[in-house]
> 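Supplied in C-alpha cells, the structure appears directly below.
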Amino acid sequence: MTEQKPDMDWNEAVPTRRGVLRGASACLMAGAMSGSGAAAVRPIPFGSAAEIGAFRDDARYRDALKRYCDVVVPMNDLKWEALRHDQPRFDFSGADELVAFAQANRKALRGHTLLWGEALPNWAREMTTRAEAERELVNHIEIVVDRYKGKIATWDVVNEVIKYDPTDGGPWRDTIWQRLLGPEHVDIAFRTAARVDPKARLVLNDFHFEEPIPGAAARRKVALDICRRLKDKGIPVHGVGMQAHLYADKGIDVDGVQRFMRDLDELGLDVEITELDVIDWKLPAPAAQRDRIAAALVSTFLEAVVSAKRPKAIVAWGLTDRYSWVHETFPRKDSARARPLPLDADYRPKPMMAVLERYRRGLA
C-alpha cells in the first residue's frame with residue numbers, strides 16, 4: 001500500500017479472510033451482517049490484463065474494460081522487453097497510457113512484472129557476470145517501482161521462477177537470473193521493491209498449481225518454501241499469485257488447492273488469481289458446449305479457492321476472445337477459434353462471466 005492511493009484501493013477494500021471457510025453456505029454465514037439482518041460476503045474485485053494494441057485501436061475493448069473491470073493489469077508493457085529496448089533507456093509509453101486510463105476510470109492497478117526470465121531484450125539475455133546482472137536488476141526495479149509509487153499498489157515482483165516439474169532436478173527455472181545470481185535473485189528483487197516502496201504489496205506469481213498431478217503439488221510446496229525463506233530473512237512478501245491458465249480437458253485438485261490456501265494462511269500470505277483463462281483446444285467444437293464446460297471449470301476452481309481463503313482479486317488474462325494468447329499457443333485441430341475468456345469475440349458475456357460476476361458482486 002502507498003501513501004498516495006489510487007482512487008479505488010481494492011487491497012484495503014477486500015481484506016483477506018482468515019481461517020478456513022467450509023463451502024458457499026459457510027461463506028454466507030461468515031460474512032458481515034447487513035442492516036436487514038441478511039448474511040453477505042465481501043465482493044472480490046475482478047479485472048483483466050490489458051493489451052496495448054487492442055487498447056489503442058478498439059473502442060469496444062476500452063469500453064469493456066470500463067464496464068466489467070475493477071482492476072487493470074498492463075499485460076506486456078511493464079515487462080523488460082517493452083521497457084528496455086536498449087540498455088540505458090526506458091520506454092514507459094504503453095505502461096503510462098494504461099496507468100492513466102485506470103486512474104481516470106477509478107480502476108485499481110497491478111504491476112506485472114518486475115522480474116521474469118522471459119520477455120527480455122537481447123542485451124539482458126547476453127549478460128555474463130553476477131555483478132552486471134545484480135546491477136541491472138536493482139536499477140530496473142528502482143526506476144520502475146519509483147515511477148509508479150502511489151499508483152500501482154501491488155506488484156508481481158517475481159514471475160514464473162519455479163521449474164515446471166520441480167521433482168526433476170528441481171526447484172528453480174533455468175533463466176539468466178538463476179544462472180548468474182542463483183536463488184538470491186528472488187531475494188534481491190523483493191528486497192529492492194520493498195525498499196523503494198515500503199507500502200507496496202509484493203507477490204510471487206506462478207502457474208500450474210491446480211492440477212491433480214504430482215508436479216503441481218511439488219510446485220505448491222516450492223512456492224511455500226520460497227515465501228517462507230523470504231520471511232525468515234525478513235524480506236517482505238505479501239502473497240502468491242495463482243495464474244490459473246486452466247486446461248479444460250484436465251481436472252482441478254480441489255483438496256490440493258484448499259490445502260494450499262490453508263498453508264498460505266498459516267504463513268500470513270494473501271492469494272490472488274492473476275491470469276485466469278481456459279485452454280479449450282481439446283474440447284468439442286460447438287461453442288455453447290465449450291462455454292458451459294469452461295464456466296463449470298472456472299466455478300470449480302474458484303469455489304476450491306474461496307472455500308478456504310478469499311482472494312484479494314480475480315484477474316483474467318484478457319477480457320475478450322478477440323484478443324488472447326491461447327489462439328496461437330494452443331491451436332485447435334479444427335477450424336474453430338479458441339474461447340478462453342469471459343466475453344466472446346463480439347464482446348457478449350459468456351457463462352464464465354456470470355460465474356465471475358457472482359464473486360465480483362459478493363453473491364458467492
Side-chain angles (χ1 to χ4, degrees), residues 1-2 11 78-81 83-84 110-121 124-125 127-149 152-164 166 169-209 218-243 260 263-272 274 312:
M1 302 294 292
T2 58
N11 294 312
L78 285 169
K79 294 173 181 173
W80 282 59
E81 190 173 52
L83 293 176
R84 309 288 303 277
R110 298 188 79 259
H112 177 85
T113 171
L114 297 174
L115 174 64
W116 189 26
E118 303 294 331
L120 292 171
R125 296 179 184 275
M127 293 184 295
T128 57
T129 69
R130 177 183 179 87
E132 180 184 19
E134 183 168 359
R135 182 181 66 250
E136 290 297 339
L137 178 57
V138 170
N139 178 64
H140 178 93
I141 294 175
E142 286 177 341
I143 290 174
V144 174
V145 173
D146 184 67
R147 184 181 186 87
Y148 297 110
K149 188 175 180 179
I152 295 178
T154 299
W155 284 96
D156 289 334
V157 178
V158 175
N159 186 54
E160 296 182 1
V161 72
I162 304 170
K163 189 174 182 180
Y164 182 76
W172 301 100
R173 188 168 180 171
D174 181 23
T175 67
I176 187 68
W177 307 112
Q178 174 64 19
R179 291 193 293 274
L180 295 180
L181 296 171
E184 191 182 352
H185 72 284
V186 175
D187 304 15
I188 294 168
F190 274 92
R191 188 184 293 114
T192 305
R195 172 170 52 79
V196 177
D197 188 355
K199 301 291 186 178
R201 292 186 62 257
L202 307 180
V203 173
L204 177 77
N205 192 55
D206 224 303
F207 69 105
H208 194 51
F209 289 133
R219 297 184 108 258
R220 295 192 293 265
K221 181 180 183 304
V222 172
L224 292 166
D225 289 345
I226 292 172
C227 292
R228 188 178 294 110
R229 181 173 62 85
L230 290 169
K231 281 181 164 288
D232 288 345
K233 293 182 176 183
I235 301 172
V237 56
H238 303 106
V240 168
M242 298 179 69
Q243 290 187 11
F260 189 38
D263 290 340
L264 290 173
D265 216 42
E266 288 180 3
L267 283 176
L269 296 171
D270 299 323
V271 66
E272 301 177 24
T274 58
K312 284 289 196 179

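Just so it is clear, the values below take in all heavy atoms, side chains as well, and ignore hydrogens, waters and symmetry mates.
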> Could you tell me which non-hydrogen atom of Leu83 sits nearest to which non-hydrogen atom of Val144, and how far apart they are?
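Nearest pair, atom of Leu83 first, then Val144: CD1-CG2, 3.8 Å.
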
> Considering only heavy atoms from C-beta outward, does the side chain of Gln178 approach that of Thr175 to under 4.5 Å?
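Yes, at least one pair of side-chain atoms sits under 4.5 Å.
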
> Could you check whether the rings of Trp80 and His140 sit parallel, tilted or perpendicular, using 30° and 60° as the cut-offs?
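Ring orientation of Trp80 relative to His140: parallel.
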
> Determine whether Lys149 and Asp197 make a side-chain contact, defined as any pair of heavy atoms from C-beta on separated by less than 4.5 Å.
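Answer yes - side chains close enough.
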
> Hey, what do you get for CD (Glu272) to OG1 (Thr154), rounding to the nearest 0.5 Å?
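Between Glu272 CD and Thr154 OG1, I get 5.5 Å after rounding to 0.5 Å.
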
> Quick one: closest heavy-atom pair of Leu181 and Ile188, and the distance?
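For Leu181 versus Ile188, the nearest heavy atoms are CD1-CD1, 4.2 Å.
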
> Would you call Arg173-Glu118 a salt bridge at under 4.0 Å N-O?
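Glu118 and Arg173: salt-bridged.
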
> Check the side chains of Gln243 and Asn159 for a donor-acceptor pair under 3.5 angstrom, ignoring hydrogens and angles.
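There is such a pair between these side chains.
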
> Taking only residues two or more places apart in sequence or in another chain, which ones pass ring pair (Phe, Tyr, Trp, His ring centres under 6.0 Å) with His112?
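For His112 the ring pair (Phe, Tyr, Trp, His ring centres under 6.0 Å) partners, ignoring immediate neighbours, are Trp317.
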
> For the residue pair Ala124 and Ile176, what are the closest heavy atoms and their distance?
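Closest pair (atom of Ala124, atom of Ile176, distance): O-CG1, 3.8 Å.
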
> Parallel, tilted or perpendicular for Phe260 and Phe209, by the 30°/60° rule?
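Ring orientation, 0 to 90° scale: tilted.
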
> Considering only heavy atoms from C-beta outward, does the side chain of Leu264 approach that of Val240 to under 4.5 Å?
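Contact flag for Leu264/Val240 side chains = yes.
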
> Between Arg130 and Glu184, does any NZ, NE, NH1 or NH2 come within less than 4.0 Å of an OD or OE carboxylate oxygen?
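Yes.
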
> Any salt bridge between Arg201 and Asp270, counting N to O under 4.0 Å?
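A salt bridge is present here (some side-chain N lies under 4.0 Å from a carboxylate O).
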
> Between Arg229 and Asp187, is there a side-chain N and carboxylate O pair less than 4.0 Å apart?
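A salt bridge is present here (some side-chain N lies under 4.0 Å from a carboxylate O).
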
